[in-house]
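Notes for the one structure printed next.
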Amino acid sequence: MSISVAVPKNLSGIKTKVALNLTKRQIICFGAAALTGIPLYFFAKGAIGTQAAALIMVGVMLPFFFLGTYEKDGFPAEKILYFMVRQKFLTPGIRPYQSENLYRKLEEKEKMKKEVRYLEAKAGSGRKKAGSKKAGAR
């Protein structure tokens, strides 16, 4: 009789557990939560009562628990929050697609050529008149 253990096909999602079946990241985040929440509770319970102090303590500790446990698509919570901030505030919003209108450029070029021809013709007729006046003056 043999004992069989199911091994997952994708081993990249397995994280090494350090202590109490928690990863190093979770231990650090839970420790930071305890270091901020517990002293806050003891300082606040005398002024506002134990229930209110406990609620404030939980509110202060929840973000640390969130950072330690949440993971989506292999990214931890702070990376996801960084991606959101970068998308919303650090990069430009709308980047409209603008194509080159080659037909409009050809039209503008043709219009410029016509204008140049017109100005040359106008300047040429003006020279002839000016030249004939000089010839007649002699």
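No experiment lies behind these values; they were computed from the predicted model shown.
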Within-4.5 Å side-chain heavy-atom neighbours: Val60 and Tyr41: no
Test item: side-chain donor near acceptor, Glu107 and Tyr103, under 3.5 Å: yes
Joint hydrophobic cluster, Phe83 plus Phe66, side-chain heavy atoms closer than 4.5 Å: yes
Met57 CE to Lys45 NZ distance, which is reported to the nearest 0.5 Å: 11.0 Å
Full working for side chain to side chain contact (heavy atoms under 4.5 Å, CB included) between Arg104 and Glu108: CA-CA 6 Å; Arg104 183 181 297 146; Glu108 289 174 1; 3.7 Å; yes
Euclidean distance, Met61 CE relative to Leu35 CG, rounded to 0.5 Å: 9.5 Å
Nearest atoms (heavy-atom pairs only) where Gln87 meets Thr91: O-OG1, 3.4 Å
Minimum side-chain heavy-atom gap Phe75-Glu71 below 4.5 Å: no
From CE (Met112) to CZ (Arg117), nearest 0.5 Å: 12.5 Å
Beyond-backbone contact of Tyr70 with Phe65, side-chain heavy atoms, under 4.5 angstrom: no
Side-chain heavy atoms of Phe43 within contact of Ile38, under 4.5 Å: no
Separation of Glu115 CD from Lys111 NZ (nearest 0.5 Å): 7.5 Å
Test item: Asp73 and Ile80 side chains (from C-beta on) under 4.5 Å apart, heavy atoms: no
OG1-CZ distance between Thr69 and Arg25, expressed to the nearest 0.5 angstrom: 9.0 Å
Nearest heavy-atom neighbours spanning Leu67 and Cys29: C-SG, 4.0 Å
Side-chain heavy atoms of Leu81 within contact of Met84, under 4.5 Å: yes
4.5 Å side-chain heavy-atom contact, Leu102 and Glu100: yes
Rounded distance (nearest 0.5 Å) linking atom CZ of Phe30 with atom CG of Leu22: 6.0 Å
